Every structure is written in structure tokens, then in C-alpha cells.
Amino acid sequence: MNSPIEVVRSEASKYISLLSKELGIEGLELSPSDKRSQGYFTVRLHRYRNRIDEASVLAALSRIPKSEYFSSVSFVNWYINIDIDARSLASLLLDVMRRVGSDYGKTGKLKGKKYLIEHTSANPVHPLHVGHGRNSILGDSLARLLRFCGADVSVHFYVDDCGAQVMYVALGYSVSKNHVHERMARGVKPDHVMGIVYSTTYAIAEINRLKKLKENANEEKAREIVSEIDEWLSVIKRNMDEDPELVHVLVRSLGDTDVEHVINEWNRAYEKKLDENVVKIVRDSVSLVLDGQRATLRRLGIEVDSWDWESELTVWNDAAYRIVRELEVKWPLYIERKGGSITFDAPRFVDDMRLREVMDLPAFIPKVTLVRSDGTTLYVTRDMAYALWQHRCCSPDKVIRVIASEQSHPQAHVRVVLYALGHVNEALNTVHYSYEIVNVPGRKMSARRGEYISLDDIIDEAVERARERTGDLHNAEEVAEKIGVGAIRHVFASNNPRRPLEFKWDKVMDFRQNSGPFLQYTYVRARSILNKAGEEPNLAVEVPSTLEGLEKDLVIKLAEFPDVVENAAMSLRPDYVADYLNSLALIFNSYYEKYPVLSSLEPYRSFRLALIRVLATVLENGFYILGIPTIERM
RNA sequence: GGGCCCGUAGCUCAGCCCGGAUAGAGCGGCGGCCUUCUAAGCCGUAGAGGUGGACCGCGGAGGACCCGGGUUCGAAUCCCGGCGGGCCCGCCA
């Protein structure tokens, strides 16, 4: 048993079940008390007030032997409060710690379980932006959390290399190759260069399209079109400010081209593998962008195990079409055809099959078009094929797809269609891990217009602000980098994914308010004590006869860690870990002021050193889960 | 029009699934603490509620987690109906 609190809890459960026999009541429930001053665990007896009286409860309590792990059992206001004996809990804690060492917190709960986590999966046409930051960090923290609990986790990134947006960047790249490479040779990140190529090419396409539209439009319509053109011109202008030469090249080469037409040609050519040159140029440009995105992820400590190319897994092997054909054969009554397009009546299917009783679905689901009139597949169709592949590739117990909440309908479609095709387990074990968007006040973000705040920018900014305070440490740059990364990771990992996140520079970067650096600082203080102590703390120490106040609080908090991790993993909520670390840090920082370690007398000195050793381990493991870098000095 | 999520102190949030004791934190405010293990820290304090009164004591009622109902011995928590905010409802991804 590697969870100290769990040991006490099972003692308390035993105690309570004895009590329920004594009282002749079934279903007494042990829960953590919200009034810690009264006790750690509590049992509510209110609902039995008419069946038993207080005297009989007190009598029953006096008949049951108390566990050595309880300091007190009391009966107040119809609550039975059981308090933990801090001394025995401390012994338990140190026992566990002696046994597992740096593995403290791992309960092996998910041993033998296999997870596939898909996260980020950004369009490979521009740098990652703030929204992706939330996605990547949530996904990565989940992966770390589940791995920490013993699960076998494989992290996948879906490379969305089909569809128009990729053709824009490829076309732009094809006419500006030398310039792109020259910039990369100068050290500019490839995704940033390609981001400019993409949004410029897209703007050129839009302008050319609108211009043609204008020719046979009435006066009112024409005015509208002109103002739209102006907007796209301003996109070009903004890109021009960033890199005039590159944008000039693009405008010169593509200004007179019917870009939209070429894009459609290329799109077809790529999907059907008709033109080797197109395939190569698309692959090259996507790879370049991915290199850049990968570098950003790596800077945040995020590693991806598998890069799954949409083209290979769903299009070139015909998997997406197979989905459609099977659906047509199996459920013809739910298929609607209109001029070559194919639509699945998902809402009716869900109602008829009573699917809502089987899986968690929104109360409303729209119909879903699977094939366009021109015979090409849609993103969602390909995603269905991909979802199936995710289950086939390594037979995971669960596939967790970290995808923004705005995609809840298509994600529901994916699961419904898997179910319809008879892949029931696959459908039930596909989780849309939904998170809310990141808002940046005052900025309307649009990746197509090149309007976004890149993840690189905010990391840079965070690091720069950290640098202002690292002073003349010999490794100031390195420390600043870790603090900046820690701050960013903490912001995204510590918020409830279900809530929209307001991203305000001053708030995220305010290290007083932000707890990433606060946690790191806490670790530094603990580390400092251990370093000054010199030797590795002995964990087989005598526990002082009295533990009270903050010392007791600290022991209990440290003992809770395995529980907290397990709960976070089962609920897929890395933010629970962040929350826990935060309150642990608060307790320790108060403790630090009040309880000297190195200068205290025995047995306190040794005991406290051991406690600090546990604390450091808990922080290290918590940091691992959240991906917050540890720092020895700051 | 429909769906999903959210509404708790000045601000950001936890608690709600599974109802129970005085609704918890952090930030910000105010006031303090660096010859003692790193002050990116800590301590104290006000703050979730209106009326009447010159003040004090005692007792009672009412209000109190967006609003209004309901269920319950008991509701921030469950149910119904509103209001406010975000996102979605494409032959885009």
C-alpha cells in the first residue's frame, strides 16, 4: 500500500462498518470532512435522527475499539468526526517513502492500461498559437499524469495535410522556396516564415476571387466587396511590415494567378496522388511547418510519439471512402444523396437506436455531410477513419482526443458513426476531451488572416520577464527559461478545462499572482535546506511525540499526494494536481517561516529533514506531471 | 429557434456529480515582518447581508452562492421556469 491516507481511510471504513452493525443502520458513508478543525473524516447521521438517539450513538462509539491511526473520534451535531493521528500518519508516510523513494505518489492504479492521447493536431500551415498552447499542455499533462499512474500512453499528433489550407502554404512555398530557406538559414523558425507565406497566399487568393466577383456585381454589392478586399489588403500589408521581400515575391508571382483554381487542382492532385511534384511540395512545406511546431512543443517539454499523416491513414488508403461505403450498405435508410453529396442523418439514427442511453451525447446533433458533390471527403469523414485507425494501431483501452469544445458536434458524429458501423467498443472508448477556448481580450484571432499570438511569442515574453528577476545567477538564462516555461505550463494546466480562459499578458506574467514560479520558488527553498544539510536525510527517523499546527498540516498534506494523483488521473483533471501543489506550497511556506529545520534540536531536526525530503519528492513528481521544470536556485 | 458550458467576495476561481456543521482559497485593499534554512516569501486585517436605532445587552424574525418557484427535517448543491455571458448548430477545418 503506497498511499498513507488510504491506510487510514480503510481503518476508518472498518470502524464505520462496525458502527453501522452496532447501530443496526446500513449505508453509513465515510467522507472527507470539510471542517478540518473537527476531524479528517466525517460520517453524517442526520438522516437517521428519527431512528436512533444521541445516547445510543455515543454508547456504540464507546464499544468499538479505536484504531491507532485515530487521534480522536467525536460526535457533534450528528456528525461523527474521526481525526487522524499525525504521529502514526507521519510514520506511515516515512515508511512508504523509504520503500518507494522517488516513486512516491505512484499507486500503479493504471498499470496494464493502454491509452492513446491525441493532442494539438494543429493545421500545419502556421506557428502554434495561444489556443494550441492550452491544447498541447492539457494533452501533455494528461499523458504525464496517466503515465505516472502506470499507464502505457502513446501520444499522437494528427497531421492534417489534406484540405485547402495546406495547398495555400504549399503553393506559396513553391514560388518562394529560396527566400524561405534563406530566412531559415538566418535562424528564423520555419513555421513563422511559412505562416507568412500561408496568410499572404491566402490573402492573394481571396483578393483575386473578390476582384472577379466584383466584375459582375451590382453597385451595392460591389461596395461590400471592395471593403472586403481592403481587409485582405491590410493582411498583406501587415505581413509586408514583417517581411517585405518575401511578401513582394509572393505577390509578384501569384498576383495574376487564379489561386483558388490552382488550389482546387492541387487538392485533388494531392488526395488522388495524381502529381508527384504536388505531393512532394505539399509534403515538404508541411514538414517545414511541423519542424517549427515541434520545436515549440519541445521547448515546453512536450514530446510526441507518433505523427499521423491524414493523407496516409485516411485518404491514400481509401479508409475514409470505405467508411462511407460501409455506412451506405449498412444503413441505407439514414443516407441522403443530393447531387453526388452524401449525408448521414445522425440525429434520426441516434433517436431510433436510443444511442443517448448508451453513450454520452449532446441533446442535439445535426446531420452530417460525408462526401461533397464533387466526390471529395470532408474533414469529419477522414476523422472517422482516423478514429478507427487509432483503435486499430495499438488497441488502446481508451482513445483520448484533446480537441476544442467548439468541435463537439463533429466529435459526436465520429463516435456515432463508429457505433453505426458496429465498432461499439471503439465508439464507447473514444473520449472527446473538450476544453474551452482561450480569449485574448481586445484581439479577434483568425489564423487565416495571420492574426494570432503565437505560442513562441508568449513563451519569449514569459522568459524575458523572468530574466528581469534572475539577476546575476551564473546560469541566469537557463533559469529564466525554466521559469518562463513553468509559468506558461502552469497557466494552462491549472485552469479548469471547461472554462474559457482569459489570456491577459499582465496576469499570466505576473509572477506574484501566477503560481508556476511560486511553486518553483517553494521547491528552491526546500532544496536549499537539503543542500545545506549536506547528507541525504535519513528516512528511518523517530517521529517526535507531538505534531501539531502547521507540522501536522504538512504531514497530512504530503500523505494525501498519492490520493490526489489517483483522483486526478481517474477524472482526467491535471488541474487537480496543480491545485494540490498550490495548497501544499502555501502550507510549506508558512511552515518554513515558523519551523526552523537545520537549527532545531533532535528529534525534530532529523524528522523535519525527512519531511522536507518527502516534500521535495512530491514537488518533483508534481512538477513532472504538470511539466514544470525544477530549479535548484532562483 | 435549438444544443453545450458558465454565473459563488472588488478580481480570478474551488466546492455542485453524490444535499447536512460558521460557503473555502489566491489576487487585489489596508497594516506589519529581511543580522536566523533564498522576502518570487510570511503574518495580521477587512471583505459574500438589508432595515431601524443615541448607545449597550439579551431574545426573535428575515435575508444571504444571478433571479423566481419547487422537492426536502435540511439546498450553493437536486427539479422546473427565467435572466446574463461564451461557444456551436457548413458540401470549412
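Chain letters run A, B, ... following the sequence lines, proteins first, then strands; residues in each count from 1. This is a predicted model, so every value here is computed, not measured.
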With heavy atoms under 4.0 Å as the rule, sort [X] into base, sugar-phosphate or nothing.
{"X": "A/Glu632", "result": "base"}
{"X": "A/Arg44", "result": "base"}
{"X": "A/Asn495", "result": "nothing"}
{"X": "A/Lys338", "result": "base"}
{"X": "A/Thr522", "result": "nothing"}
{"X": "A/Tyr523", "result": "nothing"}
{"X": "A/Asn81", "result": "base"}
{"X": "A/Gln38", "result": "base"}
{"X": "A/Ile483", "result": "base"}
{"X": "A/Leu378", "result": "sugar-phosphate"}
{"X": "A/Pro366", "result": "sugar-phosphate"}

What integer distance in Å separates [X]:[atom1] from [N]:[atom2]?
{"X": "A/Arg356", "N": "B/G3", "atom1": "CZ", "atom2": "P", "result": "11 Å"}
{"X": "A/Tyr202", "N": "B/C92", "atom1": "OH", "atom2": "P", "result": "11 Å"}
{"X": "A/Phe344", "N": "B/C91", "atom1": "CZ", "atom2": "P", "result": "16 Å"}
{"X": "A/Tyr48", "N": "B/G19", "atom1": "OH", "atom2": "C1'", "result": "14 Å"}
{"X": "A/Gln520", "N": "B/G41", "atom1": "CD", "atom2": "P", "result": "12 Å"}
{"X": "A/Leu501", "N": "B/C87", "atom1": "CG", "atom2": "P", "result": "14 Å"}
{"X": "A/Asn123", "N": "B/C92", "atom1": "CG", "atom2": "P", "result": "15 Å"}
{"X": "A/Glu406", "N": "B/C4", "atom1": "CD", "atom2": "P", "result": "18 Å"}

*asked:* So if I apply the side chain to side chain donor-acceptor pair (under 3.5 Å) rule between A/Arg401 and each of A/His156, A/Gln390, A/His432, which one comes out positive?
replied: A/Gln390
Pair assignment for [N], Watson-Crick or G-U wobble, requiring both distances under 3.5 Å:
{"N": "B/A64", "value": "none"}
{"N": "B/A14", "value": "none"}
{"N": "B/A23", "value": "none"}
{"N": "B/C78", "value": "B/G70"}
{"N": "B/G1", "value": "B/C89"}

*Between OG of A/Ser141 and CZ of A/Phe492, what distance do you get to the nearest 0.5 Å?*
11.0 Å
*asked:* As an exercise, state the distance from CD of A/Glu566 to OG of A/Ser571, rounded to the nearest 0.5 Å.
replied: 10.0 Å
*Passes ring pair (Phe, Tyr, Trp, His ring centres under 6.0 Å), A/His119 versus A/Phe157? Steps please.*
CA-CA 6 Å; A/His119 70 70; A/Phe157 185 119; 7.6 Å; no
Can you find a donor-acceptor N/O pair under 3.5 angstrom joining the side chain of [X] to the base of [N]?
{"X": "A/Ser590", "N": "B/C42", "result": "no"}
{"X": "A/Arg49", "N": "B/C73", "result": "yes"}
{"X": "A/Ser341", "N": "B/C91", "result": "yes"}

Separation between the [atom1] atoms of [N] and [M], rounded to whole Å:
{"N": "B/G44", "M": "B/G63", "atom1": "P", "result": "35 Å"}
{"N": "B/G41", "M": "B/G26", "atom1": "P", "result": "12 Å"}
{"N": "B/C58", "M": "B/A46", "atom1": "C1'", "result": "27 Å"}
{"N": "B/G60", "M": "B/C18", "atom1": "P", "result": "37 Å"}

Would you indicate which nucleotide in [options] comes nearest to any side-chain atom of [X]?
{"X": "A/Glu436", "options": "B/G86, B/G41, B/G24", "value": "B/G86"}
{"X": "A/Asn589", "options": "B/C37, B/C42, B/G86", "value": "B/C42"}
{"X": "A/His409", "options": "B/G41, B/U22, B/G2", "value": "B/G2"}
{"X": "A/Tyr379", "options": "B/G26, B/A93, B/A21", "value": "B/A93"}

*Find which nucleotide of RNA chain B each of A/Lys367 and A/Pro410 is nearest to by heavy atoms, and output the residue with the more 5' nucleotide.*
A/Lys367
*If each of A/Thr42 and A/Ser373 is mapped to the nucleotide of RNA chain B with the nearest heavy atom, which maps nearer the 5' terminus, i.e. the 5' end?*
A/Thr42
_If you count every heavy atom of other residues, nucleotides or ligands that lies below 6.0 Å from A/Glu632 atom CD, does the total exceed 12?_
yes
*Check whether more than 12 heavy atoms from other residues, nucleotides or ligands sit under 6.0 Å from atom CZ of A/Arg325, and answer yes or no.*
yes
*Scan residues 595-608 of chain A for pairs that pass salt bridge (Lys or Arg N to Asp or Glu O under 4.0 Å), counting only residues two or more places apart or in two chains.*
A/Glu551-A/Arg608
*A/Arg467 bridged to A/Glu464 by N-O distance under 4.0 Å*: no
*asked:* Using the side-chain contact (heavy atoms from CB on, under 4.5 Å) criterion, which residues pair with A/Lys367? Sequence neighbours excluded.
replied: A/Glu336, A/Thr343, A/Asp345, A/Pro347
*asked:* Could you report the tightest heavy-atom contact between A/Val402 and A/Gly139, atom names first, then the distance?
replied: CG2-CA, 3.9 Å
*Do you see a donor-acceptor pair shorter than 3.5 Å between the side chains of A/Asn567 and A/Tyr576?*
no
*Look at the side-chain N and O atoms of A/Arg372 and state whether any lies under 4.0 Å from the OP1 or OP2 oxygen of B/C92.*
yes
*asked:* Below the 4.0 Å mark, does B/C87 have OP1 or OP2 next to a side-chain nitrogen or oxygen of A/Arg498?
replied: no
*Specify the residues of residues 570-584 of chain A, ordered by number, for which at least one heavy atom lies under 4.0 angstrom from an atom of RNA chain B.*
none
*Could you classify B/C66 for me, syn or anti, using a glycosidic angle within 90° of 0 as syn?*
anti
